[in-house]
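Here the structure comes first, spelled out in structure tokens, and everything after it is commentary.
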2 protein chains.
Amino acid sequence: MHTPDIGSFIKDLRENAKISLRQLAEQAGVSNAYISQIERGLRKPSAEVLASIAGALRVSTPAMYLRAGLLGKEDTHGVIAAIAADPELTLAQKQSLTQIYETFRRENARDTDRDDAGAAESAVEEDYQ
Amino acid sequence: MHTPDIGSFIKDLRENAKISLRQLAEQAGVSNAYISQIERGLRKPSAEVLASIAGALRVSTPAMYLRAGLLGKEDTHGVIAAIAADPELTLAQKQSLTQIYETFRRENARDTDRDDAGAAESAVEEDYQ
DNA sequence: GCATATTGCTAACAAGAGTTAGCAGGGTCA
DNA sequence: TGACCCTGCTAACTCTTGTTAGCAATATGC
């Protein structure tokens, strides 16, 4: 339950986005040397820097914090509930998003093949709006 | 648009809980001198310390981060945060879902562009705890 | 009165985040 | 073969976080 190497996570994201160390550094507003040290696990970035890097890599701040161990999974709620509660989405959009989400989860369940206790499985399925 | 005094927020919470500086320090696992400096705005605590203080004062970590300016309102109570925190989605899926969500919101903003709807936002959020 | 805690605060230090300047190595184009 | 540019990395420095030790002031009890 510790920080599982935030550095290589960032490095993976950066290489996936096909940008250089210096490009990421500039977009995040920090020095390239520092990014290098972070990726190699030599330095531990602050929350502010983490948020900047997250923004530069198109990842949400909570996702980055979660990965860095600054937030726990229990600190946020379920996706479906959040979609349903969002006042800025139309009903059709809620249905679309929810279906995509369910599709993703089914894909993952098929890939990983071993079952995982489907606790919240059937509880929330039709409670939009 | 910066941190609106996290120190007095912590001090208010502490005094409301009727505990001393040293008691809070011990429960949060930091020194009493440091808490004193934080409350008076002389030092800026790290995210880790902020989370410890939040725990000691029975406030949720996101609520504390929000107050400290480490998270935006859109990060804390929303679809994006829920997606980010979902352990059953891959990173690529999170990015896809988030982008779709933001596309939806942009569409809506374009459609309803006639008036700004006055942003009915409250100053204090106690959604967490 | 005189001790003894407990309050919050300050000074000086140690540790780590983040900086600038510069390094070797690998393209690319003349 | 240059000269150039971009890649990632290192060294040395600055500044801030968080520490321990100790301060004066307000209780509280004897």
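Every chain is numbered from 1, with letters handed out A, B, ... down the list of sequences.
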If I take atom OH from residue B:Tyr65 and atom CG from residue A:Leu70, how far apart are they, to the nearest 0.5 angstrom?
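It comes to 4.0 Å.
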
Separation of [X] atom [atom1] from [N] atom [atom2], in whole Å?
{"X": "A:Ile38", "N": "C:dG16", "atom1": "CD1", "atom2": "C1'", "result": "13 Å"}
{"X": "A:Leu21", "N": "C:dT20", "atom1": "CG", "atom2": "C1'", "result": "16 Å"}
{"X": "B:Ile35", "N": "C:dG8", "atom1": "CD1", "atom2": "P", "result": "11 Å"}
{"X": "B:Arg43", "N": "C:dA11", "atom1": "CZ", "atom2": "C1'", "result": "10 Å"}
{"X": "B:Leu42", "N": "C:dA12", "atom1": "CG", "atom2": "C1'", "result": "16 Å"}
{"X": "B:Gln37", "N": "C:dC9", "atom1": "CD", "atom2": "P", "result": "10 Å"}
{"X": "B:Glu48", "N": "C:dG16", "atom1": "CD", "atom2": "C1'", "result": "12 Å"}
{"X": "A:Asn32", "N": "C:dA24", "atom1": "CG", "atom2": "C1'", "result": "15 Å"}

With side chain to side chain contact (heavy atoms under 4.5 Å, CB included) as the test, would you mind laying out the steps for A:Ile19 and A:Leu57 before giving the verdict?
CA-CA 10 Å; A:Ile19 61 176; A:Leu57 291 173; 4.2 Å; yes

Are [X] and [Y] packed together at the side-chain level, in the sense that at least one heavy-atom pair is separated by less than 4.5 angstrom?
{"X": "A:Tyr101", "Y": "B:Leu89", "value": "yes"}
{"X": "B:Ile6", "Y": "B:Met64", "value": "yes"}
{"X": "B:Ile53", "Y": "B:Val49", "value": "yes"}

In terms of side-chain geometry, is the basic nitrogen of B:Glu102 or A:Arg58 positioned less than 4.0 Å from the acidic oxygen of its partner?
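Salt bridge absent between B:Glu102 and A:Arg58.
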
Atom pairs and distances, side-chain donor-acceptor, residues 34-42 of chain B, under 3.5 Å, sequence neighbours left out:
unit_1	atom_1	unit_2	atom_2	d
B:Glu39	OE1	B:Arg14	NH2	3.0
B:Glu39	OE2	B:Arg14	NE	2.6

Nucleotide interval of DNA chain D bounded by contacts with chain A (heavy-atom cut-off, under 4.0 Å)
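Range of nucleotides within reach of chain A: D:dT7 to D:dT10.
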
May I ask you to say what A:Arg22 touches in the nucleic acid, namely base, sugar-phosphate or nothing, with a heavy-atom cut-off under 4.0 Å?
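Answer is base: heavy atoms of A:Arg22 come under 4.0 Å of a base.
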
Please work out if B:Ser31 contacts a base, only the sugar-phosphate, or nothing of the nucleic acid, heavy-atom cut-off 4.0 Å.
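Base, at least one base atom sits under 4.0 Å.
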
Toward the 5' end of DNA chain C, which comes first, A:Val30 or B:Ala33, by nearest nucleotide?
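Upstream on the strand: B:Ala33.
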
